[in-house]
Amino acid sequence: MKATAKAHTNIALIKYWGKRNDALILPTNNSLSVTLDGFYTETTVEFDKQLVEDKFILDDEEVTGDAYKRVTEYLDLIREYGDMKGLYARVNSTNAVPTAAGFASSASGFAALAAAATKAADLNVSDVELSKLTRQGSGSACRSIYGGFVEWEKGEKEDGTDSYAKEIAPQSHWDLRVAAVVLNETEKDISSREGMKRTVDTSEFYDGWLAGIPADIIEIKAGIRARDFNRVGSVAEANCLKMHATTLGAKPPFTYWTDATMRVMQTVQSLRKKGVSAYFTIDAGPNVKVLYQPESEEEVEKTLRETEGVSDVILSHVGAGISYL
Ligand code: PMV
């Protein structure tokens, strides 16, 4: 009863921002992402009759507290699904993702955990079923089941059975590149969970955010299909700005941006003025991801590294979906 799975993280080009059901993690809007090969989690799950509780090791260290609780509560869900009450697991994960800084390590983390746990328990689930199970660990993680370009359908049903992700174009479709820009001061103080809740509950701009989603989804899918970089980049950047604008309309207002975040945004805009096509997107943290095309890699990387407040730039290609090791 042991299995190992590898999952890559993903970056949303059209953001998931708000839940209609907190317990089942059902979103208020469709979202669309690209899976990244540079950042991943490998997780081994072993169910063992000798254990009296779950054990969670992350990067060679035993985890306790809230992070442990999140994993063991997630395993409860798998135990219930597989009718395996009282059977505990040893979970061993390694993360090739800088954590807690808007790099969505929870996406690769929960996708790898769900895949390894269902495999270890011999549950034989389809990708759709796995995406639904993963969603209940972390929303954005349900997109990391697949490689390439992925849409998470928000669904309409109260029980969440129609809320899952599906691949819209495979990894081989398009050699889009993403630079993850790591800033010096990165520890975020408002989690995505808390930030989206406050925004849904209090932001005067939230209805405006929702109203724009269907058109953004249509536009980005057409751009991806046509491999039209400027079309995809401009809708992704605008969608990110709208998401972050909702936080300014919340009560109390907040922002994930720091001065270095804004400097990187300006760097990307200045690259465009020089004729280098690049666009940014930002999740629930200060770090910035920059979309670019292979031919501009050298210039994009160099310019980002020269920007004040940037500590690292990690380049990534489009990544693959879940694999079992
Ligand atoms: O799934 P969570 O709770 O990590 O939320 C992710 C929210 C954003 O990263 C801001 C957007 C997204 O779609 O990934």
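Basis for what follows: all heavy atoms, side chains included, without hydrogens, waters or symmetry-related copies. All ligand and atom numbering here is 1-based and tracks the order in the structure. Quick caveat: nothing in here was measured; it's all calculated off a predicted structure.
For ligand 1, one of its N or O atoms has an N or O atom of Y16 under 3.5 Å away. An N or O contact shorter than 3.5 Å is missing between K19 and ligand 1 by distance. Residue R193 places no N or O, backbone or side chain, under 3.5 Å from any N or O of ligand 1. Considering backbone and side-chain N/O atoms, S140 comes within less than 3.5 Å of an N/O atom of ligand 1. For a threshold of 3.5 Å applied to N or O pairs, the pair formed by R143 and ligand 1 contains at least one separation below that value.
Linking Ile, Leu, Val, Met, Phe, Trp and Tyr residues whenever their side-chain heavy atoms come within less than 4.5 Å leaves I218 and L32 in two separate clusters.
Taking 4.5 Å as the limit, some side-chain heavy atom of L176 sits within range of a side-chain heavy atom of F149.
Within ligand 1, the atoms closer than 4.0 Å to a non-hydrogen atom of A284 are 10 (C), numbered from 1 in the order shown. Atoms of ligand 1 found under 4.0 Å from any heavy atom of M196 (numbered from 1 in listed order, with element): 5 (O), 7 (C). Those atoms of ligand 1 that come under 4.0 Å of a heavy atom in S106, given as number and element, are 4 (O). Residue-ligand proximity, A12 to ligand 1, at heavy-atom distances under 4.0 Å covers atoms 12 (C), 13 (O), 14 (O). Numbered from 1 in the order shown, with element, the atoms of ligand 1 that lie under 4.0 Å from a heavy atom of S138 read 1 (O), 2 (P), 4 (O). Interface atoms of ligand 1 facing G139, defined by a heavy-atom separation under 4.0 Å, are 1 (O).
Pairing each heavy atom of W17 with each of T28, the nearest pair is O-OG1, 3.7 Å.
Judged purely by atom type and a 3.5 angstrom limit, R135 uses its side chain to pair as donor or acceptor with the backbone of S163.
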- Task: Go through the steps to decide whether T41 and S108 satisfy the test side chain to side chain donor-acceptor pair (under 3.5 Å), and finish with yes or no.
- Result: CA-CA 5 Å; T41 303; S108 54; 2.8 Å; yes

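For the residue pair Y16/N30, the side-chain donor-acceptor check at 3.5 Å is not satisfied. S316 and D37 are linked by a side-chain donor-acceptor pair at a separation below 3.5 angstrom, with hydrogens and angles left out of the test.
Two rings, from W152 and Y164, have their centers 6.0 Å or more apart.
Remark: among candidates S192, S191, G18, the nearest residue to atom 2 (P) of ligand 1 is S192, based on non-hydrogen atoms.
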